[in-house]
Undergrad: 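Please read through the structure below; I'll follow up with questions.
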Protein chains: 2
Amino acid sequence: MLAETLKKSFDKYFNAPIEAWIEFAAFCEPITFEKDQIIKPQGSTEKYFYFIIKGSAGLFLWKETNFVCLDFAFENNACCDYMSLLTRQPTELEVVALEKSEMIRISSANFHILSRKSVGQVIMQMTAEASFIEKQQQQIELLTKTAEERYKILQTKFPDIHQRIAQKHIASYLGITPQSLSRIRSGSY
Amino acid sequence: MLAETLKKSFDKYFNAPIEAWIEFAAFCEPITFEKDQIIKPQGSTEKYFYFIIKGSAGLFLWKETNFVCLDFAFENNACCDYMSLLTRQPTELEVVALEKSEMIRISSANFHILSRKSVGQVIMQMTAEASFIEKQQQQIELLTKTAEERYKILQTKFPDIHQRIAQKHIASYLGITPQSLSRIRSGSY
DNA sequence: TTGATTTATTACCATTTGGTAACAACTTTG
DNA sequence: CAAAGTTGTTACCAAATGGTAATAAATCAA
């Protein structure tokens with residue numbers, strides 16, 4: 001049941017009674033995506049906040065002739081073009097399902113309504129803060145670690161990422177070409 | 001007067017009556033820093049949230065033998081080790097005044113109290129969201145732009161940065177060495 | 001002001017990463 | 001299953017960036 005899933009996912013961060021989650025769950029609707037399905041196309045404004053029950057997704061940005069991945073999201077994590085959702089403005093970011101996925105989503109309107117409710121407010125504040133911290137960690141890695149170190153950190157964070165996500169996406173997330181990642185993995189240097 | 005300065009700085013984002021700002025200002029205290037003064041040393045937990053009235057500051061991280069700059073902050077902007085403030089945990093990040101500066105600060109305890117008050121809550125949520133967006137923009141630049149392009153973007157954002165901030169700090173922010181920035185500026189390539 | 005220290009510039013070469021291309025491995029689809 | 005398309009690997013060379021060092025310029029401090 002959805003309220004229980006939510007409670008279980010968020011209990012490690014803060015406690016809220018199951019009743020609050022039942023109220024919260026009323027704002028959610030389930031949705032499924034096929035592999036490679038575009039959840040939010042570039043140039044559009046984000047209309048939903050997604051929470052992944054099963055599967056994975058990526059946040060992409062076009063760069064010359066290929067896509068760069070800004071973020072991966074897996075089970076029990078949020079996934080959306082958060083920048084667009086917050087600003088209510090269109091962006092060039094694209095959200096894509098990287099596996100067959102089951103998610104729940106909250107419409108943009110409900111997301112902003114929930115921001116003013118007790119449980120919702122805590123979640124929204126927490127989401128904004130956690131997203132910032134996550135982004136700053138990524139910036140720190142890009143500025144202070146080599147591509148090889150960044151790859152190892154990613155592997156530690158998501159041990160099965162290589163079984164689930166195409167190497168070209170991992171490479172773009174690391175800020176290198178697929179060839180370079182191939183060389184790193186083979187231990188050429 | 002402080003409440004008026006705050007109101008003026010934040011009015012572009014949302015409206016709040018001057019009374020709310022007077023209440024808010026009661027939580028603030030003024031403080032000054034000399035150039036190169038360490039505001040928050042590495043390994044410590046952030047005890048304050050700062051707002052710059054005059055001057056500038058940088059957020060730094062040690063990398064092998066030099067510092068890398070994660071962020072610059074100037075007049076009318078916040079400045080602190082926000083990650084440490086949010087998590088209440090120590091970090092390796094260091095906050096340094098880059099010019100003689102006048103700031104106001106809010107203690108960590110008051111910062112978290114304010115998060116539950118009406119005006120404070122809006123500011124805190126806004127701060128978290130704006131910080132995330134800013135960080136994601138930086139990540140996008142690091143992943144999709146060349147060092148030269150990133151330098152031009154920075155110049156557009158802070159036209160007088162080169163008059164105010166040491167080039168080595170700008171270089172570290174861009175993710176390159178001071179020598180590389182020197183070459184970019186001279187138009188060697 | 002002068003000498004000492006720090007910062008910026010330039011040149012040189014080393015290292016890392018990028019891009020093209022050919023091929024191999026894998027995946028998808030009919 | 002077989003053909004077509006996509007993805008991953010490797011080799012090669014090109015381009016970008018790093019690191020050392022010598023010098024010049026700027027800043028700081030006595």
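All chains are named by letter (A, B, ...) in the order of the sequence lines, taking the proteins before the strands, and each is independently numbered beginning at 1.
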Undergrad: Can you name the one residue among A:Phe74, A:Tyr151, A:Phe72 that meets ring-ring contact (aromatic ring centres under 6.0 Å, His included) with A:Phe158?
TA: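 With A:Phe158 as partner, A:Phe74, A:Tyr151, A:Phe72 yield a single ring-ring contact (aromatic ring centres under 6.0 Å, His included), made by A:Phe74.
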
Undergrad: Rounded to the nearest angstrom, tell me the gap between atom CG in A:Leu181 and atom P in D:dT7.
TA: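 Taking atom P of D:dT7 as the reference, CG of A:Leu181 is at 15 Å.
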
Undergrad: Expressed in angstrom and rounded to an integer, what is the separation of A:Asn66 atom CG from C:dG18 atom C1'?
TA: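 After rounding, the gap between these two atoms is 11 Å.
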
Undergrad: Minimum heavy-atom separation for B:Met124 and B:Tyr82, please, with both atom names.
TA: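 Reported closest heavy-atom pair: O-OH, 4.0 Å.
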
Undergrad: With side-chain contact (heavy atoms from CB on, under 4.5 Å) as the criterion, how do A:Glu75 and A:Ile53 come out once you've worked through the C-alpha distance, each side chain's angles and the decisive distance to 0.1 Å?
TA: CA-CA 5 Å; A:Glu75 287 80 9; A:Ile53 304 295; over 6 Å; no

Undergrad: Quick one: is A:Ser186 getting a side-chain N or O under 4.0 Å of the D:dT9 phosphate, OP1 or OP2?
TA: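 No, A:Ser186 has no side-chain N/O under 4.0 Å of OP1/OP2 on D:dT9.
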
Undergrad: Are OP1 or OP2 of D:dG19 and a side-chain N or O of B:Thr177 less than 4.0 angstrom apart?
TA: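 False: B:Thr177 side-chain N/O out of range (4.0 Å or more) of D:dG19 OP1/OP2.
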
Undergrad: Nearest of D:dG19, C:dT20, D:dT9 to any side-chain atom of B:Gln179?
TA: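 Looking only at side-chain atoms, B:Gln179 lies closest to D:dG19.
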
Undergrad: Checking salt bridge (charged side-chain N to carboxylate O under 4.0 Å, His left out) between B:Glu99 and each of B:Lys54, B:Lys35, B:Arg164, which is the one that passes?
TA: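 Between B:Glu99 and the candidates, salt bridge (charged side-chain N to carboxylate O under 4.0 Å, His left out) is satisfied uniquely by B:Arg164.
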
Undergrad: Produce the list of close N/O pairs, under 3.5 Å, pairing protein atoms with atoms of nucleotides 23-30 of chain D; give distances to one decimal.
TA:
none

Undergrad: Does B:Asp81 reach the main-chain N or O of B:Ser84 with its side chain, forming a donor-acceptor pair under 3.5 Å?
TA: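 A pair under 3.5 Å: yes.
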
Undergrad: Looking only at side-chain N and O atoms, does A:Arg183 come under 4.0 Å of OP1 or OP2 in D:dT9?
TA: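 For D:dT9, OP1/OP2 do not have a side-chain N/O of A:Arg183 under 4.0 Å.
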
Undergrad: Send over the distance from B:Phe67 CZ to C:dT6 C1', rounded to a whole Å.
TA: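 In whole Å, C:dT6 C1' and B:Phe67 CZ are 16 Å from each other.
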
Undergrad: Check whether any side-chain nitrogen or oxygen of B:Ser182 sits under 4.0 Å from OP1 or OP2 of C:dT9, and answer yes or no.
TA: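 Yes, within the criterion.
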
Undergrad: Is the side chain of A:Ser101 donor-acceptor paired with the backbone N or O of A:Ala97 at a distance under 3.5 Å, no angle test?
TA: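 Absent.
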
Undergrad: What is the separation between atom CD on B:Glu149 and atom C1' on D:dT17, rounded to the nearest whole Å?
TA: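 Spelled out: CD on B:Glu149 to C1' on D:dT17 is 15 Å.
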
Undergrad: Of the residues in residues 158-172 of chain A, which ones touch DNA chain D at a heavy-atom distance under 4.0 Å?
TA: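 Output list: A:Ala166, A:Gln167, A:Lys168.
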
Undergrad: Could you check how far CD1 of A:Ile184 sits from P of C:dT17, rounded to whole Å?
TA: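 A:Ile184 atom CD1 is separated from C:dT17 atom P by 6 Å.
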
Undergrad: B:Leu98 has an atom CG; how far is it from atom C1' of C:dT7, in whole Å?
TA: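 Rounded to whole Å, this separation is 15 Å.
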
Undergrad: Let me know the distance between CZ of B:Arg150 and P of D:dA16, rounded to the nearest Å.
TA: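 Whole-Å distance recorded here is 14 Å.
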
Undergrad: Starting at CZ of A:Arg150, measure out to CG of A:Leu174 and round the result to the nearest 0.5 Å.
TA: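 Between A:Arg150 CZ and A:Leu174 CG, I get 6.0 Å after rounding to 0.5 Å.
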
Undergrad: Take the protein atom CG of B:Leu142 and the nucleotide atom P of C:dT17, then report the distance between them rounded to whole Å.
TA: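 My rounded result for the distance is 15 Å.
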
Undergrad: Sort out for me which residue in B:Phe51, B:Phe49, B:Tyr48 forms a side-chain contact (heavy atoms from CB on, under 4.5 Å) with B:Ile104.
TA: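 With B:Ile104 as partner, side-chain contact (heavy atoms from CB on, under 4.5 Å) holds for just one option, B:Phe51.
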
Undergrad: For A:Glu102, is there any backbone N or O sitting under 3.5 Å from a side-chain donor or acceptor partner on A:Thr32?
TA: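 Not confirmed, A:Thr32 side chain does not pair with A:Glu102 backbone.
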
